[in-house]
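Encoded as structure tokens, the structure appears first; notes follow it.
As a basis for the values below, the full set of heavy atoms in this structure was taken, side chains included, without hydrogen atoms, waters or symmetry mates.
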Amino acid sequence: MKNFMAIHSVHSDEAAEGYREYFKNMYSKDLTHGEWAATVEGDFATAMQVWQGMKSDFYCTHFLAENEEQVFKQIEAWGMTEFFSSIVFETERFTSAFMPTDQKVEQHYFSRY
């Protein structure tokens, strides 16, 4: 599986409000990270992380998938195209403080030229 970053831009203020309502109806106020993670394994791609700004309509999602097309298919399958336009980039390097502390950082990204 490969890492992808999807950057989403809402269509309008109404679409942003629609997304907030969609989310509130889908999840409880007591949603845990584990509960969320159990719902984002899709048929085409799996969402691993999401970033959302409170005072902006900027959203991005870290996906695991076979290819970019699978990410777009998953975004559409979840109905997110109703709210967002998205652009997807493969990210060959993924480094995170959340990874196991003894896991080596992939270095091939720095030696490809």
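- Checking side-chain atoms of Glu35 against main-chain N and O of Thr32 turns up a donor-acceptor pair under 3.5 Å.
- With sequence neighbours excluded, no residue forms a ring-ring contact (aromatic ring centres under 6.0 Å, His included) with Phe72.
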Mind running side chain to side chain contact (heavy atoms under 4.5 Å, CB included) on Glu90 and Glu92 for me, showing each step along the way? CA-CA 6 Å; Glu90 182 178 354; Glu92 291 90 357; 4.3 Å; yes

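- Under the 4.5 Å side-chain contact rule for hydrophobic residues, Ile75 and Val10 share a cluster.
- With hydrophobic clusters built from ILVMFWY side chains whose heavy atoms lie under 4.5 angstrom apart, Met48 does not share a cluster with Met5.
- Summarising the local packing, CD of Glu41 is surrounded by 12 or fewer heavy atoms from other residues, nucleotides or ligands at distances under 6.0 Å.
- Separating the CD atom in Gln49 from the NE2 atom in His33 is a distance of 10.5 Å, to the nearest 0.5 Å.
- Phe23 places a side-chain heavy atom less than 4.5 Å from the side chain of Leu31.
- Note that the NE2 atom of His8 and the OG1 atom of Thr81 stand 11.5 Å from one another [nearest 0.5 Å].
- The existence of a salt bridge linking Lys73 and Glu76 is excluded, since no basic side-chain nitrogen approaches an acidic carboxylate oxygen closer than 4.0 Å.
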Can you check ring pair (Phe, Tyr, Trp, His ring centres under 6.0 Å) on Tyr22 and Phe83, steps first, answer last? CA-CA 10 Å; Tyr22 175 87; Phe83 310 111; 5.6 Å; yes

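- Considering only residues two or more places apart in sequence or on other chains, Val50 meets the side-chain contact (heavy atoms from CB on, under 4.5 Å) condition with Trp36, Gln52, Thr61.
- Hydrophobic clustering of Ile, Leu, Val, Met, Phe, Trp and Tyr side chains at less than 4.5 Å, counting indirect connections, keeps Ile7 apart from Met80.
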Candidate pair Ser85 and His11, rule side chain to side chain contact (heavy atoms under 4.5 Å, CB included), full reasoning: CA-CA 7 Å; Ser85 295; His11 300 308; 3.2 Å; yes

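- For Tyr59, the ring-ring contact (aromatic ring centres under 6.0 Å, His included) partners at least two apart in sequence or on another chain are Tyr19, Phe84.
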Tell me, with the steps shown, if Thr91 and Phe63 meet side chain to side chain contact (heavy atoms under 4.5 Å, CB included). CA-CA 10 Å; Thr91 53; Phe63 280 98; over 6 Å; no

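- Taking the side chain as every heavy atom from C-beta outward, Phe4 and His62 never approach each other to under 4.5 Å.
- Atom CG of Asn67 sits about 9.5 Å away from atom CE of Met1, to the nearest 0.5 Å.
- Cluster membership check: Tyr27 shares its hydrophobic cluster with Trp78, using side-chain heavy-atom separations under 4.5 Å among Ile, Leu, Val, Met, Phe, Trp and Tyr.
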